[in-house]
Amino acid sequence: MAPEIREQLRRAARDPRADLDEAALRRRVRQLRRRRVASTVTAVALLALLVPLGQAGLERLREPVSIVDRPVAPELVPTTATTSPLPREPIPSPVPDPVRGNRPRAGSAESRAFGRLASELRRCPGGASVPADLVAYVWSREYQRFWMLAAKQPRAPETRFCWTSGLFDAKAGFSLWGARRIRSPGAPLTHMGGIHPGFALIEGRVTKQATHVRLRFRDGRPPMDLLIIRAGDRYPTNFYVGFFLQGPTSPAQGGWAAATLTALDAAGQTVATCRVGPPGDGTPKCPGS
Amino acid sequence: MEDPEGVIGFCHRVRPRLVGTLSLLCGDGDAAEELAQETLARVWLRWSRVRELGEPRATAWTFRVAINLANSWVRRRMAERRARARLAGQAASAHLDPDPADALAVRQAVAALPRRQRTALVLRYYADLPVAEVAALMGCAPGTVKSLTSKALTALRRVEGMHIAEEVTDGA
């Protein structure tokens, strides 16, 4: 049997039309070599750029700095570290509505970042037929980054929704963005964190009942109220985000600074609380976003 | 042309089998020639290390590169076809093949096989690589290679124009 199939395959396979074109092969090898050199040079240049930036980030750790400080669009109220009691009246949402129709200027870093997030969301149920919403984005001048959140609403009968977020630099390069997530509203408070040179990002979903998300730390610094992103009626949940100072997380360096998250309603009542740091007082761990 | 390091000689030796293998994996003779050229360029680029492997393992490594390129090419072409079909509202037009009908039937039958079955069959029975070598190239167990080739042969037997005896003996 083997000789038969071998013979049939041999007859079906194409023979080369001509002899090996050595000159063309040499040209292609030269081209690949040049490309390899160019990649190496680019990598070295980027490294040379990133090392001073990382050092600058570490320098900044020695001084107290503010958190999210310059929202660009939509108009966002900056978050502040606070120990004050909650106000009696609900605080107006810093993001009243999703900013659909308020797309960033074409060609801008924000526009490119949204393109990447929208591309990620195309892998969700509905594919490209359901357009992605740019829910919000917020700049931090201090950290020279902006965080962007995009989502895709479910189309009936689908009840799950899809969202994704990313942290981008001013050129939308070296962006880090989470994979798409598909979840029912589920837990009232979820969390995801990321460490970057000199700072950390914390983000997640929070029930619409909550008007505050308060982050407490393990190293004695005052608690911080994170920025709540209202996603509007199209989505069953709101979101939150915050930046905070974070050094290396080895135990010798103090470890991960964040301890617990608490979602509070307008009356100051706890809606949900969970742990984002190491186990300690029995507070349950926050589910992932 | 000079060939102080032996790379050109190696390329001459391996190329016919490479083009044939790629033509069966891709179902396209022109693409097979281009992919073979690209494979050999990559071999040349890393020749200082590849030649230390010795000829049999260097050949196996070359086929590994070729399979990766062929898989990428097939994926790309499938996406292009889907996009074209969506735009035109119909499948892309058939490719005219100048080869005899039986060769065409075999090529179409091989192209219709699932990717791993096709790879196992072509490497085993066209490239004449031993089962262990094919398993190493495909990153699976020798038993899996035997199972894949057996399934591929069963599928080919159902195709008109393919005359393959029932008995399967694997001499690896």
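All chains are named by letter (A, B, ...) in the order of the sequence lines, taking the proteins before the strands, and each is independently numbered beginning at 1.
- Residues B/Leu156 and A/Gln8 have side chains not in contact (no heavy-atom distance under 4.5 Å, counting atoms from C-beta outward).
- Of all the heavy atoms in A/Leu25 and B/Ala41, the pair that sits closest is CD1-N, 3.5 Å.
- The OH atom of B/Tyr125 sits 15.0 Å away from atom CD of A/Glu7, with the distance rounded to the nearest 0.5 Å.
- Contact annotation: the side chain of B/Ile8 approaches that of A/Arg26 to within less than 4.5 Å [non-hydrogen atoms, C-beta and beyond].
- Contacts of B/Gln37 with chain A are made by both backbone and side-chain atoms, with heavy-atom separations under 4.5 Å.
- Proximity to chain A involves both the backbone and the side chain of B/Leu121, based on heavy atoms less than 4.5 angstrom apart.
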### From CA spacing to verdict: side-chain contact (heavy atoms from CB on, under 4.5 Å), B/Trp44, A/Arg33
CA-CA 10 Å; B/Trp44 192 327; A/Arg33 275 199 187 117; 4.2 Å; yes
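- Other residues, nucleotides and ligands contribute over 12 non-hydrogen atoms within 6.0 Å of the CZ atom of B/Arg13.
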### Task
Check step by step if side-chain contact (heavy atoms from CB on, under 4.5 Å) holds for A/Val29 and B/Leu40.
CA-CA 9 Å; A/Val29 171; B/Leu40 295 177; over 6 Å; no
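- The two residues A/Ala13 and B/Ser23 make their nearest non-hydrogen contact at CA-OG, 3.6 Å.
- Remark: B/Arg15 does not engage A/Asp19 in a salt bridge, criterion side-chain N to carboxylate O under 4.0 Å.
- By a heavy-atom distance cut of under 4.5 Å, A/Arg36 are the residues of residues 36-45 of chain A near chain B, going up by number.
- Within the 4.5 angstrom heavy-atom criterion, atoms from both the backbone and the side chain of B/Arg42 approach chain A.
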### Task
Show your reasoning for whether side-chain contact (heavy atoms from CB on, under 4.5 Å) applies to A/Leu32 and B/Glu38.
CA-CA 10 Å; A/Leu32 289 174; B/Glu38 182 65 22; 4.1 Å; yes
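- Both the backbone and the side chain of B/Leu45 have a heavy atom closer than 4.5 Å to some heavy atom of chain A.
- Counting non-hydrogen atoms of neighbouring residues, nucleotides and ligands closer than 6.0 angstrom, the NZ atom of A/Lys208 exceeds 12 such neighbours.
- Contact check for A/Arg10 versus B/Tyr126: side-chain heavy atoms found under the 4.5 Å cut-off.
- A distance of 12.0 Å separates CD1 in A/Ile5 from CZ in B/Arg124, rounded to the nearest 0.5 Å.
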